Amino acid sequence: MKFASSYEPNQYESDIYAAWEASSVFKPTVPTVPVDDNSDGVDDRFEHQHPTYSIVMPPPNANGNLHIGHGLTIALEDSLTRYHRLRGQSTWYIPGADHAGFETWVVYERALEQNGHTRFEFNRDELYARVWDFVAQQRGNMELQLRALGASCSWDDLTFTLDENVIDRVYTTFEKMWNDGLIYRGEKLVNFCPKHQTAFADIEVEHQDEKGTLWEVEYKLVKELENAFTEGGPEAGKPRSSAETPVASGVSDAPPEVGILSSVIVSTTRPETLFGDVAVAVNPDDKRYKDLIGKHVHLPLTDRTIPIIADEHADPEYGTGAVKITPAHDFDDFEVGERHNLPRIQVISEDGHMINVPDKYDGLTTAECRKQVLKDLKEQGLLKGEKKIVHSVAHCYKCGTVLEPTLKEQWFIDVATLAKTAIKHLENNEIKFYPASKKQVLINYLNNLKDWNISRQIPWGIAIPMFRKADPSATDEPDWIFDRRTNLQEIEKSGVKYVRDEDTFDTWFSSSHWPIVCTDWNEENPTPYYPLDVMETGADILFAWVARMIMMGLYVTGEVPFKEVYLHGLVLDAHGQKMSKSKGNVINPMDLVAKYGSDAFRLGILRGRSAGMNQAFSENSVISGRNLCNKIWNISRFVQSMVDDAPKDNALRGRSGGYARPLGREWPKANRGGEEREPRDDGRERLRSEKSIASGASARPDRTPAYATLNQGEDWICREINDCIKQVETDMKYYRFSEAVETLYQTIWDKYADWFLESQKIYKNTELLKTTLEHLLIALHPFAPFVTEAIWQNLSWTEGFIINAKWPCKLKYDPITAEQFERLMSIVQEVRGTLQALPGTNNAKKYDLLYDNDSLVEDNLLLIKSLTRVPAVTALEGNPRGLRLALANHELYLDVPEKVVKDYKDALTDKILSVGRELDALNARMMNPNYVDKAPQYLVKETEDQIKEKEQLISRLKSQLSII
RNA sequence: GGAUCCUUAGCUCAGUUGGCUAGAGCGUACGAUUCACAUUCGUAAGGUCACAGGUUCAAGCCCUGUAGGAUCCACCA
């Protein structure tokens with residue numbers, strides 16, 4: 001196959017993915033129990049590596065499309081997956097699809113309504129079946145998009161959140177919790193969306209600041225009941241007499257600051273709820289109302305009277321300092337009601353109409369009722385004022401409807417012990433967090449966690465396996481029983497009829513089992529893939545998901561569900577703004593993939609990104625990724641052409657005038673793993689991957705390279721590649737994806753291409769070219785899987801797939817020779833810089849480079865000439881002339897006429913000054929006795945060396961100046 | 001109100017255990033050009049590391065405070 005002159009991702013990506021998928025390379029190689037890692041590798045980097053590696057995909061919506069956040073997710077997770085696979089671990093990346101309970105339901109219900117139907121025409125089972133079909137029709141895009149992004153996940157193991165084993169596991173947990181007494185049915189206030197007719201967990205509620213009105217309503221005191229204690233009276237007295245308010249006794253003797261009031265004015269934003277009022281609360285420390293506590297007021301527009309109670313909830317600073325208490329329709333009031341044992345009067349129905357109110361108001365909507373109430377209050381002169389305020393209002397995160405706090409009987413999980421256990425394990429550092437700060441954030445959250453409402457009134461979800469006794473008079477039988485037969489609306493047990501609870505689980509309840517169900521963990525057959533090696537997900541669902549997975553993992557398995565957590569932040573637009581449809585700044589990852597290729601997208605989105613941070617993203621970074629793909633493509637094309645052109649290889653050796661001394665050492669001829677591979681004729685499907693599945697062997701870096709280094713550049717590139725790969729390993733260990741990509745980018749581009757390949761144009765070493773290119777391709781593969789595979793398949797000497805190649809071992813090289821190349825580089829850079837700084841253009845072609853008694857330069861004449869483009873590099877004859885380079889230990893001159901040197905004088909003077917400033921700073925450091933005493937020896941030595949070097953440099957520059 | 005994070009070049013971001021003479025990509029300026037790549041090569045300019053104190057021989061990094069921004073949690077009668 002011929003290399004095209006530029007990399008065209010569209011020509012390769014889908015074929016490559018299909019070939020991978022067909023050859024089972026995405027499957028883990030160790031199916032059950034861990035094998036002993038007893039092979040003796042050549043590289044100590046692999047000594048303590050675990051034989052398996054597992055990671056699950058946070059399941060994208062089964063019938064949705066991937067957005068930019070998914071793009072980031074896949075880039076991160078797949079890089080980890082491919083990296084660990086290359087390292088020889090049996091790697092399992094488990095894909096998933098989410099039924100997305102509420103999201104999908106909303107979409108479906110909208111479709112239903114567009115066809116003139118409503119959900120109330122069908123029972124739950126019918127609706128479930130209809131949504132199932134609806135999803136089945138829509139499904140598939142998401143999976144194709146994951147493939148386009150290169151996700152190397154094990155497709156056979158895809159888990160859908162409504163799969164049987166998921167439901168089964170969720171029921172098992174629920175049953176256990178029910179038996180353990182962790183599940184209870186309670187009537188509590190829930191966030192209820194009147195449009196969708198379902199409750200939400202606190203975490204799903206969206207608060208928005210809104211303009212509203214704060215009305216002040218007068219509640220008149222009931223004179224005749226002033227001294228009588230009612231049900232609210234004694235309760236109200238308690239907080240005041242408690243030890244926390246020692247001042248209270250003193251205050252009670254003091255003369256009242258305010259005259260006896262005949263009424264209390266309360267502040268409210270929701271006057272229509274006054275029918276549900278059961279008390280008026282004032283702050284126990286509020287002197288204005290001190291004497292009214294325990295007295296009663298008339299509830300306007302009704303014939304009821306309600307007590308005035310003391311409760312900290314009332315803020316003396318806010319409004320009038322007196323607040324009406326409506327336990328059935330306000331979360332705070334509900335709690336006040338619990339504290340004071342107050343009744344709950346529901347006055348708004350689930351569909352938003354008034355109930356349990358005087359006939360006049362009965363059946364009105366809340367808005368109509370508010371109008372009427374305000375009108376009537378005004379007529380009676382009880383409306384004392386109104387203020388415009390801004391307050392935050394709870395909205396349905398899907399339709400934006402204002403949520404109505406509603407009393408409902410729901411299933412709750414008592415989270416106290418679950419949270420406590422989770423905190424214990426977190427504090428025990430059993431899970432490592434990236435970023436680390438999130439651990440404490442999570443602990444704080446768990447410390448304040450309220451009981452978890454798991455009931456949802458949406459048909460599209462996992463049915464709650466609870467049945468209620470049909471006949472309440474059968475008193476001996478339990479009211480509720482657990483049963484898995486949720487396909488039946490009615491069951492019989494011990495001769496008693498039970499009716500199914502029509503609610504479904506909060507999706508987070510089932511999602512919290514994700515690591516368990518994906519890895520197929522079960523009590524009888526624990527798997528080496530649980531706990532997961534890492535949980536990678538968005539920082540925004542730390543509480544909703546990560547916290548719950550930890551609690552549930554510990555409850556079900558006794559182990560934390562994952563060893564590490566990596567949280568990514570939001571992908572913002574190029575200006576740091578949140579992406580949103582309304583702003584029109586949404587970037588579709590698939591557009592970028594189509595335009596620049598999957599690799600470019602992945603490289604681009606990983607750039608400039610760190611754990612937990614919301615960070616900007618722009619097309620520029622993708623372009624830069626595309627450029628890298630093209631670069632490595634052309635590098636490979638060039639290396640291939642040199643390999644093809646092998647005869648020249650020998651001709652160049654032992655060249656005259658150039659590099660003559662054989663500096664390299666011969667390494668033993670390598671076994672390059674040949675026997676392990678099937679011949680190519682057998683087709684790629686049967687390459688190493690299948691063999692390794694059969695034998696269970698893990699890949700190890702057992703290749704000894706078949707090269708010898710023969711000059712400075714060759715030793716140097718070996719050193720640089722070793723450093724680069726070691727850096728990538730460290731970066732991957734600590735999830736520094738951006739730095740890993742950066743390191744590779746620089747090594748491939750600035751070192752391999754710009755220096756090593758340039759030097760190989762003079763001195764060619766095909767074996768080394770092959771080995772080094774392979775190393776770089778493999779190291780780049782986790783981040784740019786397609787281009788590296790496309791190249792691998794195009795190169796004449798590689799075999800199998802790069803996706804399951806072996807992670808590079810260390811290259812051998814001579815460190816002293818490698819260091820010499822650094823000096824050659826600085827010579828070249830100095831020449832280039834000086835030529836650019838000299839007056840005039842095209843200087844490179846004008847002036848020769850002269851050297852005096854310098855073996856390094858002498859050995860590399862051709863290289864220096866080629867890299868600097870000077871016409872000639874020749875030995876100096878006679879007295880020094882021209883412009884001397886400022887490098888230490890090298891007698892190098894640019895053969896520049898005196899006149900030109902004079903024009904260069906200013907630049908030279910500037911340079912002397914700037915080096916002088918650096919020297920002053922160094923000297924000041926050495927003058928400080930504390931520095932010499934306390935700083936580490938090596939630093940002091942380093943400073944001394946630097947001072948010497950600068951002094952020499954200045955004297956050379958000065959002598960240059962004096963010539964002028 | 002509480003918590004967490006952020007503030008470094010024109011823009012987007014790195015900077016790991018304090019050793020820094022602060023880096024990268026993009027952008028900018030200047031220069032190059034048959035022979036792997038113009039998606040190229042070379043050179044350069046560009047910084048009071050938000051601000052004010054403190055600790056230290058040494059602070060972008062640690063501590064305290066201030067200002068600005070982001071996110072999350074709670075609350076807003």
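Quantities reported herein were computed from a predicted structural model and do not represent experimental measurements.
- Sorted by residue number, the members of residues 605-616 of chain A with any non-hydrogen atom under 4.0 Å from RNA chain B read A:Arg607, A:Gly608, A:Ser610, A:Met613, A:Asn614, A:Gln615, A:Ala616.
- A donor and an acceptor atom never sit less than 3.5 Å apart when one is taken from the side chain of A:Gln836 and the other from the base of B:A32.
- A tilted orientation is assigned to the rings of A:Tyr735 and A:Phe737, their planes being inclined by 30° to 60°.
- Distance noted for atom P between B:U43 and B:A14: 27 Å (whole Å).
- With a cut-off of 3.5 Å on both pairing distances, B:A14 has no Watson-Crick or G-U wobble partner at all.
- Under 3.5 Å, the side chain of A:Gln829 and the base of B:U43 form no donor-acceptor pair of N or O atoms.
- Here A:Trp749 does not reach the OP1 or OP2 of B:C37: none of its side-chain N or O atoms lies under 4.0 Å away.
- Residue A:Lys761 has no polar side-chain atom (N or O) positioned under 4.0 Å from OP1 or OP2 of B:C41.
- Identified under the side chain to side chain donor-acceptor pair (under 3.5 Å) test for residues 912-926 of chain A, with sequence neighbours left out: A:Glu918-A:Lys950.
- For the OP1/OP2 pair of B:C41 and a distance below 4.0 Å, the side-chain nitrogens and oxygens of A:Arg869 include no atom meeting the criterion.
- For B:U21, the base has no donor-acceptor partner in the side chain of A:Arg917 [N/O atoms by modelled type, under 3.5 angstrom].
- Checking B:U40, B:U4, B:U21 against every side-chain atom of A:Val441, the shortest atom distance belongs to B:U4.
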